[in-house]
Amino acid sequence: MRPRRMRLSVTAQGLVLLAPALLVYCGFAVYPMLDVALMSVMKWNGLTPTWRFVGPQNYVQAATIDPVFWVAFGNTLIWTAMSVVVPPLIGFALALGLNQNLPGRGPLRALFYLPVIIAPIAVATIWRWMYDPFFGLFNAALTAAGLSGLIQDWLGDRAVALYAMFIAYVWETVGFSMVLFLAGLQGVSRTLIEAARIDGAGRFATFRYVTLPALRPSITIVLILSIINSLKAFDIVYGMTQGGPAQSTQMLAMWAFTQAMQLGDFGRGAAVSMVLLVVTIAIVIPYLRWMLRRDATA
Amino acid sequence: MQYFRSGALAGLALGVAVAAAPAGARAQEITLWTLNFANDSANQAFRSIIDQFQAANPGVTVKVENRGVDEHKSALRVAAGSDQAPDIFFSWAGLGLGGEYIKSGLAAPMDKYYAEYKWDDEFLPAALSFSRQYPGGRFGVPYTFHGEAVYYNKALFAKAGITSEPKTYAELLAAADRLAAAHIPAFTFGGTVNWHVMRLMDEILETECGAATHDALTNMKVSWATEPCATKSFEEFHKWTSKYFLKPFMGIDQSQSFNLFLAGRAAMMVEGDWLVGQLKGAGRLADYALFPFPTGTQRLYGFAEYDYISSKSKHPDIAAKFLDYLGSTPVQQAHLGDFGSISVNRFVKYTSSEPMDLAWQRIFAEYRSTFVNGDQAFPLAVTTEYFRVINQVASDRLAPKDAAAELQKFISSAK
Amino acid sequence: MSGGDRWFRAPGITRADPVLVILWVALIAIAVIWIAPFVFIIFTSLKANSTVMGAGPFAPPLHPDWSNYAKAWMRGRFATTVLNSAVITVVKVPLGLLISAMAAYALSRIRLPFRRALFLLVLFGTMLPFQVMLAPLFTLVNRIGLINTYVGIILPYLAFGVPYQVFILHGFFRDVPRELSEAAEIDGASHFTILRAIFLPLSLPVLAALLILDFVATWNEFAMALVILQDNGTWTLPLGLMSFQSQFSNDYGQLNAAIVMTVLPATIVYLIFQRYFVSGLTSGAIKE
């Protein structure tokens with residue numbers, strides 16, 4: 001036994017262990033969140049030394065005179081709605097397929113997950129180049145196939161730009177859903193499935209009554225994470241269109257950034273941020289309560 | 001790289017200061033923030049100008065930091081809120097872009113240096129005029145002066161049977177029709193960078209509204225909604241984007257559009273005098289020529305770029321001395337063509353026999369006054385809306401007849 | 001792993017299942033679509049500009065033009081950006097994991113006042129979108145004079161990395177049987193010692209998974225770097241790529257070479273440490 005040195009009480013030890021993470025988290029994550037709330041009722045151009053209190057003016061202006069805010073708001077809704085359906089569905093289908101006894105399933109999983117680990121800004125650059133209207137993959141392939149009538153200005157035509165961008169996003173995120181579903185499928189009892197099949201249950205019935213119920217938690221998690229990630233869409237917009245053409249692919253996170261950091265209106269940018277923050281928190285809190293309940297029963 | 005270079009510079013400065021500087025002189029460093037140079041010759045020119053200035057001023061080091069446009073603006077915003085400011089910074093002249101930094105106090109008045117170095121005698125009056133626009137004194141000194149005009153592909157003009165350069169707007173339209181008949185798009189533009197397509201809109205506004213009304217519109221002194229020429233301009237603009245543009249154009253940027261121009265996919269581009277350098281770099285000078293956009297107002301479409309001394313500079317006198325050196329006749333003469341076709345220094349002699357250089361000299365000599373690009377006249381928020389409205393019209397999402405009113409709605413509510 | 005002769009069999013069935021064969025063909029077809037962008041990027045990166053503008057996109061580069069890589073490396077200042085990314089990642093990732101492990105230990109094994117509230121605060125952070133806070137982050141870091149510094153970017157990176165790591169490690173530490181640490185406590189070891197000698201060695205697989213995940217996240221981060229690293233001498237790889245795209249968008253071969261060079265390090269790390277990615281991602285989100 002070692003000689004006892006001067007030592008801290010247990011509580012003090014705990015605080016010492018906790019302090020670095022807590023300080024940096026409060027200082028650089030919690031504080032900026034409070035700051036964004038404060039900034040949203042101020043007028044500040046980023047250059048002058050002082051802020052001016054203006055009350056709810058920034059919110060009112062965003063909602064009434066800002067011609068882009070509602071476009072960004074609507075696009076964020078569309079984007080989120082698409083993100084919660086398309087990548088999880090494809091990911092789910094891939095996971096079901098790759099959970100079977102198929103040759104090469106290891107490399108296939110690795111391939112589908114690969115876009116997830118590539119820098120989002122690189123994904124944006126890759127797809128922007130593929131969408132190049134003159135020399136990019138899509139239009140060149142359409143021309144080669146004799147389908148030049150289908151040629152689009154993928155990122156320049158506002159009717160298609162948002163959806164073109166979304167296809168890149170699908171490519172980027174499907175692997176994420178797939179991996180979470182695959183992990184969920186590990187938890188589905190194999191014996192139960194085999195028993196069901198031997199009992200003469202069809203493929204669909206087995207899926208419907210054995211696999212699907214067991215995947216419920218995974219589905220919830222994937223859907224919530226998909227929503228939250230889609231609300232944050234920033235890198236891909238910045239890298240592909242910067243919100244253009246004519247602000248038609250603008251989204252809330254990007255518009256908040258543009259207003260504050262590029263147009264120098266920090267108050268208006270903060271007001272847009274707050275809208276996004278409140279929406280996110282409204283989704284996150286019920287989810288966290290659900291998680292805690294699961295955590296407690298696990 | 002960066003670290004080694006600045007380390008070496010500092011070491012060099014120290015060595016110079018210890019070995020050669022007169023007693024009392026200490027190593028002094030001034031920093032200059034500017035944009036990325038458009039071509040390598042500008043880069044080399046700057047390097048050699050600095051070397052010579054440092055040789056002539058022992059103990060002084062000049063450090064240049066180059067950035068892209070957006071990064072440069074953000075960096076200046078950082079500078080305004082901290083003490084990391086450069087001694088000299090680049091910005092465009094005019095109330096819209098340069099004016100922002102003057103309003104916020106980042107730029108220092110330079111009246112003293114104007115008197116000391118007699119810059120009013122040295123620089124082109126048109127380029128200097130912007131330094132008087134600001135309240136509270138003279139700010140900034142001209143660094144370059146640029147004009148924009150229509151470049152065209154001579155072979156494509158010949159193919160369409162166009163024999164002379166358009167002198168009026170009607171002739172320009174007629175030329176576009178002839179090109180269309182020969183299945184040649186008249187213009188190529190890059191729509192992702194909003195300011196590229198804007199150039200055509202600016203030119204048309206000047207054409208339709210005339211000088212006085214155009215200025216009143218960009219200064220927001222009269223309503224866009226009630227000024228019929230504003231609506232007419234949007235209608236004309238839409239005619240060009242729908243009938244005479246190389247398509248698609250909203251999904252490419254200006255450098256891609258230049259590629260297409262070189263590839264002969266369209267006949268014309270609205271570009272600045274710097275395009276001569278780019279055409280030279282591509283070895284294609286002989287294939288192109290240029291003429292001023294026929295606005296009929298006898299004003300040159302262009303802008304000045306300025307260097308401002310920062311209010312936070314610790315060595316404003318040295319900064320001014322460097323700016324004087326940069327603009328001096330021998331330096332400008334030696335590096336003619338590296339930063340643009342035309343020098344801001346009025347005593348520079350032009351000797352080039354390249355036809356497009358001669359064309360630019362004629363234009364600069366002939367035009368007495370200028371009108372600036374829309375994004376340099378408007379405040380930033382209005383510029384963003386101006387871009388949006390232009391793009392909406394260009395992509396057929398907003399009827400041209402409603403465009404001017406839409407812009408005015410934003411201007412009125414932002415006031 | 002099943003042997004080759006047992007492919008295409010459903011569980012409990014001994015014959016090859018034709019539906020699974022069809023499924024397999026479909027998966028291969030999707031895989032071809034998934035891999036096409038990579039092929040296209042690599043092909044373009046090896047072509048001269050005139051070839052890009054002339055030949056078809058899937059024409060293989062018969063005369064590979066490797067000079068695109070050298071030129072893009074110089075013009076994109078990759079020497080600087082790779083170094084910056086490496087320094088930031090090498091400092092941030094282990095440091096962040098260390099402070100997260102300390103905090104997770106304190107929250108899971110020590111009776112602290114407000115323990116539950118603190119845990120909830122951290123849990124909340126796992127969902128916090130930093131994208132909405134770019135402007136306040138910028139003003140904060142600017143006010144303390146750390147714009148354009150490694151410290152200035154590492155602090156917010158730590159702040160937004162801590163919650164997820166604490167959450168995962170908290171769950172792991174909590175499930176460590178009491179007996180393991182009780183013996184040491186009776187021996188009079190401090191909590192610092194217990195964490196170092198018992199908990200950290202025990203959780204090496206989790207730590208490895210978090211390390212790899214965090215490496216990729218830090219290496220790829222763009223938005224915060226965009227507002228905090230304004231000076232091109234401090235740029236990271238993603239910022240360098242973005243700048244390259246806006247400056248040299250018409251040099252198609254070099255642009256694609258720049259993309260390949262940006263993407264390659266993370267791809268290699270991923271291919272080597274593949275299994276850790278899956279365990280790191282799923283250990284927190286799904287546990288059954």
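In the text below, chain A, chain B and the rest are named by the order of the sequence lines, each starting its count at 1. Computed from heavy atoms alone, side chains included, the values below leave out hydrogens, waters and symmetry copies.
- Contact detail for C:His191 and A:Val10: the closest heavy-atom pair is NE2-CG1, 3.7 Å.
- Using a 4.5 Å cut-off on side-chain heavy atoms (C-beta onward), C:Phe222 and A:Pro120 make no contact.
- Looking at A:Tyr31, only its side chain comes within 4.5 Å of chain C, counting heavy atoms on both sides.
- Aromatic pair A:Trp171/C:Phe38: centroids less than 6.0 angstrom apart.
- How far OG1 of A:Thr125 is from CE of C:Met242: 6.5 Å, rounded to the nearest 0.5 Å.
- Heavy atoms closer than 4.5 Å to chain C are found in the side chain of A:Met261, but not in its backbone.
- Neither the backbone nor the side chain of C:Val269 comes within contact range of chain A; no heavy atom of the residue lies under 4.5 Å from a heavy atom of that chain.
- Among all heavy-atom pairs drawn from A:Leu17 and C:Ala106, the shortest one is CB-CB, 3.9 Å.
- Between A:Asp35 and C:Leu140 there is no side-chain heavy-atom pair separated by less than 4.5 Å.
- For chain C, no part of A:Trp255 is nearby; none of its heavy atoms comes within less than 4.5 Å.
- Proximity to chain A is limited to the side chain of C:Leu120, based on heavy atoms less than 4.5 angstrom apart.
- Residue contact with chain A, scored on non-hydrogen atoms closer than 4.5 Å, involves the backbone and the side chain of C:Phe192 alike.
- Looking at A:Leu108, only its side chain comes within 4.5 Å of chain C, counting heavy atoms on both sides.
- Only the side chain of A:Asp132 comes within less than 4.5 Å of a heavy atom in chain C; its backbone stays farther off.
- Contact record, C:Ile99 with A:Ala21: O-CB, 3.6 Å, taken as the closest heavy-atom pair.
- Both the backbone and the side chain of A:Met33 come within contact range of chain C, each with at least one heavy atom under 4.5 Å from a heavy atom of that chain.
- The distance from atom OG1 of C:Thr262 to atom CD1 of A:Ile121, rounded to the nearest 0.5 Å, is 10.5 Å.
- With A:Tyr287 contributing its side chain and C:Met127 its backbone, the two residues share no donor-acceptor pair below 3.5 Å.
- Considering only heavy atoms from C-beta on, C:Val141 comes within 4.5 Å of A:Phe28 through its side chain.
- Both the backbone and the side chain of A:Leu114 come within less than 4.5 Å of a heavy atom in chain C.
- Checked options C:Val166, C:Val162, C:Leu118; the residue passing with A:Leu22 is C:Leu118 (criterion: side-chain contact (heavy atoms from CB on, under 4.5 Å)).
- In terms of heavy-atom proximity, C:Trp24 sits nearest to A:Pro103 at NE1-O, 2.9 Å.
- If you measure heavy-atom distances from C:Leu241 to chain A, the contacts under 4.5 Å come from the side chain alone.
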Take A:Tyr238 and C:Leu226 through the test side-chain contact (heavy atoms from CB on, under 4.5 Å) and record every step on the way to the result. CA-CA 11 Å; A:Tyr238 191 96; C:Leu226 178 69; 3.6 Å; yes
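- Looking only at distances, a side-chain donor or acceptor of C:Tyr270 sits under 3.5 Å from a matching main-chain atom of A:Ala110.
- Neither the backbone nor the side chain of A:Ala144 comes within contact range of chain C; no heavy atoms are under 4.5 Å apart.
- Only the side chain of C:Ile144 comes within contact range of chain A, with heavy atoms under 4.5 Å apart.
- Between the side chain of C:Asn220 and the backbone N or O of A:Ile117 there is at least one donor-acceptor pair closer than 3.5 Å.
- Heavy-atom distances place no part of A:Leu231 under 4.5 Å from chain C, backbone and side chain included.
- Between A:Phe257 and C:Val227 the shortest side-chain heavy-atom distance falls below 4.5 Å.
- The shortest side-chain heavy-atom distance between A:Leu94 and C:Leu27 falls under the 4.5 Å cut-off.
- Proximity to chain A involves both the backbone and the side chain of C:Leu121, based on heavy atoms less than 4.5 angstrom apart.
- Contact of A:Gln242 with chain C is made through the side chain alone, with heavy-atom distances under 4.5 Å.
- With a threshold of 4.5 angstrom between heavy atoms, C:Thr44 approaches chain A through side-chain atoms but not through N, CA, C or O.
- In this structure, C:Gln131 contributes its side chain and A:Phe234 its backbone to no donor-acceptor pair below 3.5 Å.
- Here the shortest heavy-atom pairing between A:Asp235 and C:Ala223 reads OD1-CB, 4.0 Å.
- If you measure heavy-atom distances from C:Ile259 to chain A, the contacts under 4.5 Å come from the side chain alone.
- Residue contact with chain A, scored on non-hydrogen atoms closer than 4.5 Å, is absent for C:Pro265.
- Neither the backbone nor the side chain of C:Leu239 has a heavy atom closer than 4.5 Å to any heavy atom of chain A.
- Looking at C:Tyr252, the atoms closer than 4.5 Å to chain A (heavy atoms on both sides) all sit in the side chain, from C-beta outward.
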